[in-house]
Number of protein chains: 2
Amino acid sequence: MLPPLPGLDKFDLAILDLLQRDNTVSQREIAKTVNLSAPAVQRRIQRLRESGVIQAELAILDANRLGRPLLLTVSVRVHDEHPQRTEGMRQRIMAEPAVQQCYMITGETDFLLMISAATMLDFEDIAQRLFGGDDNVQRFQTSVALRCLKTGSYVPLA
Amino acid sequence: MLPPLPGLDKFDLAILDLLQRDNTVSQREIAKTVNLSAPAVQRRIQRLRESGVIQAELAILDANRLGRPLLLTVSVRVHDEHPQRTEGMRQRIMAEPAVQQCYMITGETDFLLMISAATMLDFEDIAQRLFGGDDNVQRFQTSVALRCLKTGSYVPLA
DNA sequence: GATGAAATAGCTACAGA
DNA sequence: TCTGTAGCTATTTCATC
C-alpha cells in the first residue's frame, strides 16, 4: 500500500515515531520500547540525522506567553509566478523571522504564509516589508487565526 | 515596545531562543553561551517546561523520505460556525494524524488545515473521513503545496 | 546563582552472528 | 553489516553553600 521506504526498517520507524512526539526520552528507554540495545538505537538515530530523515530537533514554544499572541494567514497572488519574478519576495520571506511557514500552492493564490505577530501594527510592518514595494504582488488577503486546533508537523508512520 | 513577559528575563529568552533552534545542545553549552552555570540553566528549563512556555520538545521529520510526499491545504466553509455545530468536525480533525495543523480563521473560510498524505487517493480518503457525512460543511477547497519555502514555528524573541 | 558529588545518559571498542 | 556487552566519558541532577 505505501511506497517502500529505502533503508528504513520497522525499528527506524518506531524510533522516529517516538522522537517526533518527544525527543527528550533517553536512548535506553527507546531501546527498551523498540527491543534493541541502546547503542543500536544510538547508531540508528545518528544515521537518521546524517541522512536528513530527521530534519531538526527543537523545542516548540507558546507564542502567547512570549508576547506574540497573533497568528495570521496571508494568501498572496502574484502577477507572474516565475522564479525570477518571485525571487526577491522569497528571499524577504526567508529572511523574515516572523514568517513561520510559507508554501507555494496551486489554485486561486500562489503563496500561503503563516505569520507570528505581537500586534496588528507589528503585522502591518511585517507585511509592508514583505510585499510593500513589490509590483509583482497582485494582492494579498489576510486572515486572523482565531484559534489553533492543531499544530506541529507530525508525520503518520503507521 | 513589546508587552512585558511575566516572569521571563533576558536569560530565559536567550535559553528559549537556543532551544527553539536546536534542543540537542547541552546545558553546559547553553550555560557558557548565556553566561550562567549549568544548574541555573537546568532550573530555568525545568521551570519553562512546567509553566508551559516550552510546549514540546521533539524531532521534525522529512515527510518526503517517509512515504508522504504530498502536503495539502484545505479551506473549509461551514454553514454554521457555532461550537456545537462544529464539535464533531473538530473532534475528527483532532483524531486524524494526517492533519498537521488546523486553525479557525476569519474571512471567506472558517477552517484552514494542512494535511500530509502519501497519495491523492490517500488524501481523498482522509478528506472523506473528515468532511464526508457532515452536512454543516458548505464546501472545502483543496490546494496542493508545490513547494515548502519555510516550515516550523519559530517565535521571534529579539 | 554557584559549587561539588552522585546518578544518569551518551558514546566507543570489541566480539559474535 | 548489524547486534549486543562492557566500559568509558560527559552530562544531568541534586544537595549544600
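Since this is a predicted model, take the numbers as computed values, not measurements. Just so it is clear: chains get the letters A, B, ... in the order the sequence lines come, proteins before strands, and each one is counted from 1.
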B:N35 CG to C:dG1 P, straight-line distance once rounded to whole Å = 13 Å
Only one of A:T106, A:I105, A:L112 forms a side-chain contact (heavy atoms from CB on, under 4.5 Å) with A:T109, so which one is it?
-> A:I105
Separation of D:dA10 atom C1' from B:I30 atom CD1, nearest Å, is 15 Å
Salt-bridged, B:D134 to B:R85, with N to O below 4.0 Å?
-> no
In plain terms, say whether A:E87 and A:R90 are close enough for a salt bridge, that is, a side-chain N and a carboxylate O under 4.0 Å apart.
-> yes
Per side-chain contact (heavy atoms from CB on, under 4.5 Å), A:S143 is matched among A:L71, A:T73, A:L72 by A:T73
Residues in contact with DNA chain D, drawn from residues 37-47 of chain B - heavy-atom cutoff 4.0 Å = B:P39, B:Q42
Is B:E96 paired with A:K150 through a side-chain N to carboxylate O contact shorter than 4.0 Å?
-> no
To the nearest Å, give me how far apart CG (A:L48) and P (D:dC2) are.
-> 12 Å
Rounded distance (Å) that lies between atom P of D:dT13 and atom CD of B:E50 | 12 Å
May I ask you to say whether B:E108 pairs ionically with B:R77, meaning some side-chain N is under 4.0 Å from a carboxylate O?
-> no
Hydrophobic cluster membership, B:V76 vs B:M94, 4.5 Å side-chain cutoff | yes
B:Y103-B:D110 side chain donor-acceptor pair, cut-off 3.5 Å | no
Close residues, residues 12-28 of chain B, relative to DNA chain D [heavy-atom separation under 4.0 Å] | B:S26, B:Q27, B:R28
